[in-house]
Structures are given as structure tokens and as C-alpha cells.
K.L.:
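Can you keep this structure in mind? I'll have questions shortly.
Throughout, protein chains are lettered first and strands after them, A, B, ... in sequence-line order, and every chain is numbered starting at 1. Any value given below was found using the heavy atoms of this structure, including those in side chains, with hydrogens, waters and symmetry copies removed.
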There are 2 protein chains.
Amino acid sequence: MPRATRLTTGGARTRKSIREAAVKLFYEQGYEATSLRGVAAEVDLQVGSLYNHINGKEDLLADIMISVMDELLDSVHDAVEAAEPTALARYEAAVGCHIRYHAEHAQQVFIGNSELRSLNEDNRTKVLTKRAEYENLFLRLVKKVAAETGADVIDPKIQAYSVLAQGAHVSSWYRPSGPKSLDKLVGTYIKLAVRELGLPAS
Amino acid sequence: MPRATRLTTGGARTRKSIREAAVKLFYEQGYEATSLRGVAAEVDLQVGSLYNHINGKEDLLADIMISVMDELLDSVHDAVEAAEPTALARYEAAVGCHIRYHAEHAQQVFIGNSELRSLNEDNRTKVLTKRAEYENLFLRLVKKVAAETGADVIDPKIQAYSVLAQGAHVSSWYRPSGPKSLDKLVGTYIKLAVRELGLPAS
DNA sequence: CCTACCGATCGGTAGG
DNA sequence: CCTACCGATCGGTAGG
């Protein structure tokens, strides 16, 4: 039995393909303008067959939006923990991870930032809760930098919002084929974020 | 004839009401999820009657998106010309006007930033051209500040993008009922923008 | 400005 | 996983 792992692949693989097709179409056309027939065609299925893998159109969207927030939270937490144990280094790591994720997952993040309205109350609450958690993560980091360095932070909340705004914007224009290297881009945004705190470049 | 001005009001007033209803519903539900029946109901008309005032659903959207860009361009141009004739003062005026407009017209701007996909090629090109013009306006201002003050601007394009990103973000959360006064908010964003240029607060 | 209608398309389901 | 279908709703139009 050299291929025992294959036992579970068929269904899971199809499910993943459907999700990827949904990300692509939701990004290109928007959730409302995307038909399940379009999603099905993308993975060579008929509409009815989709229902062997998903519970409905909105489930597909909720899945994408919730998992993108989970990934973001995990990534930034990991980046912060891996950084040097100073408040500024941790903040820089968080900003860098935030920008990098938004560039590398531009489609998913863009969907996450534009289709909140299409979720029912239950799913919307779930996503909003995770977003609030993400915001608070940055807010705490900003406040720690201020406490540890004495930086003259004008408004910690706007400061955190500023970083979130840059990420959202990056996800709307970044393409891997662009002229700038991603490392350089991330570095630029980190410098801007540090400057905004009123600190000299490190 | 004490009400001669009324001669032209009837039709124009209805047209304006329809547009305002469309802004409200496009903002709340998104363009695709909004039906012309919903728009009609909002102004106490039947669907068919809308066509005495508009050419179709997309015309309504294109109108909103194009006029928001025209207003933005005019406002910022005016603000720049009214400012003290130093590059930094002009830049500060532009950033302040940008943020203020995005707060005061949050719904229209939010539509402008999220429904590009729903326009046909012709209208999309019109809007994108105006957006490019708007971006260039900020890019030139940043470069002038750098030239005049010797500021160490890391990347003028990203710098301009940063300001645009803040505006888009503000339009997604700002409510007039919020705790912060608009003047104070605008002031905060101006300070952040100046700091990003590597200049001390003025 | 309304009534009544058109063809098209949608999400979802039954039944196999 | 497919065929065939459902009711609902859509943008838009004719005709008055």
C-alpha cells in the first residue's frame, strides 16, 4: 500500500480547488457578481455537484474571510515572538509581517476588506471579532513602543489604523510582477511606520 | 410670479433624490446587491419611472464615481492654491483636504473605492484616468517638498500612496457622531504625513 | 409616472 | 457527480 495517504485526497482536493476558484472569481468580479455556475465551470463541475463539497455560496465566502483573519493573526503573533525582545523591534516585525501578508495574499485580503456586507450577521460578527483582535494587537504594540522609548505618539489608535490602512491599500495594487522587490517594499513601510511614531530611523 | 425658479425644479429634484438614494443603497448593500426596485422604492417611484431620469443602473454608478473624483480634484487644487506658497504648506493643505473630504463624503468615496469592477470599460477608464491624475498631484507635491526642504523621502510614490491609503481607510470607519472632532482628526493625519517625510513637526 | 410584462439568470434542490 | 427543474428576482421595455 504505497499510497495510503491518497485515501483522503480526492474530496479534499476538490474542496480546495473550489475554494481557490472562488477566491479568484470573488476577487475579479466581486461576491455578488460571481455565480456558483461560474465557480463550478472553473473546476469542471456542474452547479449541483458543488453542494457535495460546500453548504452554499455564503459558506464559501465566510470560509475565505475567516481563515484569512486566522492566518493574519497567527502570522503576526509568530513574527512578534520571533523578534528581538524590544518594543520597537516587535512593532517593526509586526508591521513588516502585516505588509508582507497583504502583498502575498492580496486577493484573499482584498475580498476580506470588501465583502463584509455580504455576510449574514453570524459570520459578520465572527470576522469583526477577529478584526477587532487584530487592531488591538497593533494598538498594544504602539503603546508599548511609546512606553519603552518615550516616543511622542500623537494618537495610538490612529497610528494603528494607519498601519492597517497601508496593508489594505497594498492589497489593492501589489502584483508580484511589479518592479520593486517585496523585501524592499516591506522595508519602506516599516520605516514609514517608525517615522510616524516620531522616532528616528533605526 | 413669485416662484419662477420652480420651473426647473421638479425634474432636477427627482434626479437628485434618485442619486442620493443610490448612494445610500450602494454604500449599504453594494452596487450588485442593490436593485433598481429598491432605489425606486426609496424615492416613492416604480421601476419603470426611474427611466425618465436615468439611462440605466450603471449610469447611476458612473455618475457617482466620476463626480466624486471631480470634486476631490477641485477641492485639493483649491486647497493647495489657498495655502502659503511653500511646498510643505501646500502639501499639508492637500493632505488635510484629502482627509476631510474622505470623512465628509465617506459614502460616496467608499463606493468610488470599491465598485470599480462594476463599471464597463469606458466608464472605468474615465475614473481610472482621474485617479491617476489625483495620485500624480500628490506625487508632485511630495517631490516638491523634498526638493525645497531637503527632506529624506524614502520613496515618493509609496509616500503618496500612504496618504491615499489613509483617506480610503477613513472613509470606511468615519462617522460624524464619533468622539473626535473632524478638525483634530485632520490635524493628526497631517502630522503623520509630515513625519513620514522625515521632517520635524512644524 | 404607472401597469404589466419580457427574457435571462440566479441559488438551491430532487432524484437518481 | 449529473440532469432537470424550482421559485424568485433581476434590469429593462412597451404602451399608455
K.L.:
Can you tell me the distance, in whole Å, between the CG atom of B:L60 and the P atom of D:dG12?
P.N.:
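Atom-to-atom, B:L60 to D:dG12, this comes out as 10 Å.
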K.L.:
If you check the A:T14 side chain, which of D:dC1, C:dC1, D:dG11 turns out closest?
P.N.:
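Selected nucleotide: D:dC1.
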K.L.:
Send over the distance from B:E32 CD to C:dC10 C1', rounded to a whole Å.
P.N.:
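To the nearest whole Å, that distance equals 12 Å.
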K.L.:
Just the rounded figure in Å: distance from C1' of C:dC10 to OH of A:Y31.
P.N.:
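Atom OH in A:Y31 sits about 12 Å away from atom C1' in C:dC10.
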K.L.:
Identify, between A:R37 and A:S49, the residue whose nearest nucleotide on DNA chain D lies closer to the 5' end.
P.N.:
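So the residue in question is A:S49.
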K.L.:
Rounded to whole Å, please give me the gap between CD in B:Q46 and P in D:dG12.
P.N.:
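Atom-to-atom, B:Q46 to D:dG12, this comes out as 17 Å.
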K.L.:
Between C:dA14 atom C1' and A:N52 atom CG, what is the distance in whole Å?
P.N.:
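After rounding, the gap between these two atoms is 13 Å.
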K.L.:
What's the CG-C1' distance between A:L61 and C:dG11, to the nearest Å?
P.N.:
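Answer to the nearest Å: 15 Å.
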K.L.:
May I have the distance from B:L50 (atom CG) to D:dG11 (atom C1'), rounded to whole angstrom?
P.N.:
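Distance, rounded to whole Å: 11 Å.
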K.L.:
If C:dG12 has a Watson-Crick or G-U wobble mate with both distances under 3.5 Å, name it; if not, just say none.
P.N.:
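Matched C:dG12 with D:dC5 under the 3.5 Å cut-off.
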K.L.:
For a quick test of reading the model: is some side-chain N or O of A:S35 closer than 4.0 Å to OP1 or OP2 of C:dT9?
P.N.:
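The answer is no; no side-chain N or O of A:S35 sits under 4.0 Å from OP1 or OP2.
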K.L.:
Without hydrogens or angle criteria, can the side chains of B:Y189 and B:H98 be said to hold a donor-acceptor pair below 3.5 Å?
P.N.:
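No, because no side-chain N or O of B:Y189 sits under 3.5 Å from a partner of the opposite role on B:H98.
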K.L.:
Side chains of B:R124 and B:T129 only: does a donor on one sit below 3.5 Å from an acceptor on the other?
P.N.:
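No, no side-chain donor-acceptor contact under 3.5 Å.
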K.L.:
Output the rounded distance in Å from CG (B:D44) to C1' (C:dC2).
P.N.:
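Going from CG in B:D44 over to C1' in C:dC2 covers 14 Å.
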K.L.:
Might you point out which heavy atoms bring A:E135 and A:A160 nearest each other, and give the distance in Å?
P.N.:
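Here A:E135 and A:A160 meet closest at O-CB, 4.5 Å.
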K.L.:
For a quick check under 3.5 Å, do B:S118 and B:E58 share a side-chain donor-acceptor pair by atom type?
P.N.:
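No pair is found: no donor N or O on one side chain lies under 3.5 Å from an acceptor on the other.
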K.L.:
Between C:dG11, C:dC1, C:dC5, which nucleotide gets closest to the side-chain atoms of A:L36?
P.N.:
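Selected nucleotide (nearest to the side chain): C:dG11.
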